[in-house]
Amino acid sequence: MSDPCILTVRPEPGEYAWTFGGAPPVARVAPGTVLDLYTEDCFAGRVRSEKDLVSEVCEFPFLNPQTGPFHVEGAEPGDTVAVHFVSIEPARDWAASTTVPLFGALTSTHTTATLQPPLPETVWIWQLDRERRTALFSARDSDIRIELPMDPMHGTVGVAPANLEVRSALVPDAHGGNMDTPEMRAGVTCFLGVNVEGALLSLGDGHARQGEGETCGVAVECAMNTVVIVELLKGVATPWPRIESDTHIISTGSARPLEDAFRISQLDLVQWLVRDYGFSELDAYQFATQAVESPLANVCDTNYTCVAKIRKEWLPARETHRGLHARLRDTAATLRR
């Protein structure tokens, strides 16, 4: 078997995409290509100290820069692009998190309007120990310092939306985008339905770690060196982004209100069980009700994202997505040797 083609992309500051759809591809890649990528943090690297307030150093709407898009050769509407995350590694020894006025789950927002004043802007700089795999929280108002384990992930991965739409890289929806789920870590395969010729795949928004829900709206944001393998499933439709790990199958749903995001993820999981695991619809509904885990991804973005996941060990021994996750995992193992 021949070695896979490896494409290395290190964007210059003016070479990022800020939307899904509406941006020309930076490269055309064949299925099976390995992408060795640098992604900048959601602040475009401009928040570097506790004095760097987002409102002063960042220019809205230029937040959440994406590396890409990549035109996947042969991808057409009705197909599915698979993105296997081989590795996700912080590119710096520090990361930033902030509060942003009128943004987050525990404050007034533009759509939840109240008389109370916005929360103040505050920046926390987290020190990353990449050898020990830890992220150090240092309180602003006391001498509390707590080490948490790093759990690197990508908050944003997606393709161009359908119907000629152009969506901000801050928005999650059926095309993927800013889902902010901690499930998007190394070792998983993300499946995205293709809406336009070439799919136009992009990713960014690296997090050294993030709690479920991303409550304040900002994770431990950092630049990443990320390696992915891109593959194509012809004739396989994926209505909402799906993730497969070695242990779980995972559906996502993004919408407002939160109940609708929950419903989308649960329904997609039920339909996945019907399509690939031999369940009838009602049997899948009953089984999922008793077996599903339902962690929140984000409750702060333009759309909220919920996750529905089931352990593979509890499912019938059937192949999903033509067994692609296992094959990509084996290819990834050869890259790490």
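Computed over heavy atoms, backbone and side chain alike; hydrogens, waters and symmetry mates excluded. Residues take their numbers from the sequence shown, with the count starting at 1.
- Counting heavy atoms from C-beta outward, Thr33 and Val72 have side chains that stay 4.5 Å or more apart.
- Ring-centre distance between His207 and His154: not below the 6.0 Å cut-off.
- Identified under the salt bridge (charged side-chain N to carboxylate O under 4.0 Å, His left out) test for residues 182-191, with sequence neighbours left out: Asp151-Arg185, Glu183-Arg185, Glu183-Lys309.
- Note: the hydrophobic cluster containing Tyr38 does not contain Leu203 (ILVMFWY, side chain heavy atoms under 4.5 Å, direct or indirect links).
- Without hydrogens or angle criteria, Thr112 side chain to Thr109 main chain gives no donor-acceptor distance under 3.5 Å.
- Heavy-atom contacts from other residues, nucleotides or ligands closer than 6.0 Å to OH of Tyr285 number 12 or fewer.
- Asp52 contributes a side-chain N or O that, together with a main-chain N or O of Ser49, makes up a donor-acceptor pair within less than 3.5 Å.
- Between Glu244 and Ile250, the closest side-chain pair of non-hydrogen atoms is not below 4.5 Å.
- By the neighbour-count criterion of 12 heavy atoms within 6.0 Å, atom CD of Glu281 is sparsely surrounded, having that number or fewer from other residues, nucleotides or ligands.
- Listed for the Thr334 side chain is a donor-acceptor partner under 3.5 Å among the backbone atoms of Thr331.
- Looking at every heavy atom in both residues, His175 comes nearest to Pro241 through C-CG, 4.5 Å.
- Scored by the salt bridge (charged side-chain N to carboxylate O under 4.0 Å, His left out) test, Arg132 finds Asp129, Glu147 as partners (sequence neighbours excluded).
- Note that OG1 of Thr320 is 9.5 Å distant from CG of Leu315, once rounded to the nearest 0.5 Å.
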Q: List the steps and the verdict of side-chain hydrogen bond (donor to acceptor under 3.5 Å, both in side chains) for Thr156 and Asn64.
A: CA-CA 8 Å; Thr156 307; Asn64 210 13; 3.2 Å; yes
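- Side-chain contact between Asn298 and Pro172 is present, with heavy atoms from C-beta onward closer than 4.5 Å.
- Annotation: Glu197, atom CD; neighbour count of heavy atoms from other residues, nucleotides and ligands within 6.0 Å does not exceed 12.
- Qualifying side-chain hydrogen bond (donor to acceptor under 3.5 Å, both in side chains) partners for Thr302, counting only residues two or more places apart in sequence or in other chains: none.
- For the pair Arg140/Trp124, a side-chain contact is recorded, criterion being any heavy-atom separation below 4.5 Å from C-beta on.
- Evaluation of the side-chain hydrogen bond (donor to acceptor under 3.5 Å, both in side chains) rule for Thr19 yields no partner, not counting sequence neighbours.
- Other residues, nucleotides and ligands contribute more than 12 heavy atoms inside 6.0 Å of the CZ atom of Arg10.
- A donor-acceptor pair is defined here as one N or O able to donate and one able to accept, closer than 3.5 Å; such a pair exists between the side chain of Glu214 and the backbone of Ala219.
- Here the shortest heavy-atom pairing between Gly253 and Ile264 reads CA-CG2, 3.5 Å.
- Under the side chain to side chain contact (heavy atoms under 4.5 Å, CB included) criterion, Glu259 pairs with Pro257, Arg263, sequence neighbours left out.
- Salt-bridge check for Arg327 with Glu231: failed, with every basic side-chain N at 4.0 Å or more from each acidic carboxylate O.
- Between Leu232 atom CG and Glu73 atom CD the span is 10.5 Å, to the nearest 0.5 Å.
- Without hydrogens or angle criteria, Arg322 side chain to Glu319 main chain gives no donor-acceptor distance under 3.5 Å.
- Of all the heavy atoms in Cys222 and Pro90, the pair that sits closest is SG-CB, 4.2 Å.
- In this structure, Val9 is a member of the same hydrophobic cluster as Val157, with clusters built from ILVMFWY side-chain heavy atoms closer than 4.5 Å.
- When every heavy atom of Ala288 is checked against every heavy atom of Leu273, the shortest pair comes out as CB-CD1, 4.3 Å.
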Q.
Is there a side-chain hydrogen bond (donor to acceptor under 3.5 Å, both in side chains) between Gln116 and Ser108? Walk through the geometry before answering.
A. CA-CA 7 Å; Gln116 63 184 343; Ser108 300; 3.0 Å; yes
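- Remark: the backbone N or O of Met184 is not paired with any side-chain donor or acceptor of Thr181 at under 3.5 angstrom.
- Between Leu267 and Leu269 the shortest side-chain heavy-atom distance does not fall below 4.5 Å.
- The number of heavy atoms from other shown groups lying within 6.0 Å of CZ (Phe103) is above 12.
- For residues 264-280, the set of pairs meeting the salt bridge (charged side-chain N to carboxylate O under 4.0 Å, His left out) definition, not counting sequence neighbours, comprises Arg242-Asp268.
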Q: Would you please test Ser254 and Asp173 for side-chain hydrogen bond (donor to acceptor under 3.5 Å, both in side chains) and show each step?
A: CA-CA 5 Å; Ser254 299; Asp173 211 314; over 6 Å; no
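- One hydrophobic cluster, built from ILVMFWY side chains closer than 4.5 Å, cannot hold both Val47 and Trp126; they sit in different ones.
- In this structure, Glu121 contributes its side chain and Val54 its backbone to a donor-acceptor pair below 3.5 Å.
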Q: Check the pair Gln266 / Ser294 against side-chain hydrogen bond (donor to acceptor under 3.5 Å, both in side chains), numbers first and verdict last.
A: CA-CA 8 Å; Gln266 299 286 320; Ser294 304; 2.9 Å; yes
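- Of the charged side-chain nitrogens involved, none lies within less than 4.0 Å of a carboxylate oxygen, so that Lys51 and Glu56 do not count as a salt-bridged pair.
- Annotation: Trp272 is in aromatic contact with His321 [ring centroid separation under 6.0 Å].
- Closest approach of Ala284 and Val274 over heavy atoms only: CB-CG2, 3.9 Å.
- Remark: side-chain polar atoms of Thr238 are not paired, donor with acceptor, to backbone N or O of Trp240 under 3.5 angstrom.
- To the nearest 0.5 angstrom, Ser168 atom OG is 10.5 Å from Phe62 atom CZ.
- The two atoms that bring Gly104 and Cys300 nearest to each other are CA-CB, 4.1 Å, heavy atoms only.
- Residues Val299 and Leu258 form a side-chain contact, since some pair of their non-hydrogen atoms from C-beta on lies under 4.5 Å apart.
- For the pair Thr67/Pro11, a side-chain contact is recorded, criterion being any heavy-atom separation below 4.5 Å from C-beta on.
- The side-chain heavy atoms of Leu192 and Leu201, taken from C-beta on, include a pair separated by under 4.5 Å.
- For the atom pair Asp180 CG and Gln210 CD, the distance stands at 5.0 Å (nearest 0.5 Å).
- A distance of 12.0 Å separates CD1 in Ile249 from CD1 in Ile243, rounded to the nearest 0.5 Å.
- Met224 and Met153 fall into different hydrophobic clusters, where Ile, Leu, Val, Met, Phe, Trp and Tyr residues are linked whenever their side-chain heavy atoms come under 4.5 Å apart, directly or through other members.
- Using a cutoff of 4.0 Å between basic side-chain nitrogens and carboxylate oxygens, Arg46 and Asp41 are not scored as salt-bridged.
- Each of Ile229, Asp36, Thr226 was evaluated against Val86; a single residue qualifies, Ile229, per the side chain to side chain contact (heavy atoms under 4.5 Å, CB included) test.
- The CG atom of Asp205 sits 8.5 Å away from atom OG1 of Thr39, with the distance rounded to the nearest 0.5 Å.
- In terms of hydrophobic clustering, with Ile, Leu, Val, Met, Phe, Trp and Tyr side chains grouped at heavy-atom distances under 4.5 Å, Val218 and Val57 are assigned to a common cluster.
- In terms of modelled atom types and a separation under 3.5 Å, the side chain of Thr99 and the main chain of Pro120 share a donor-acceptor contact.
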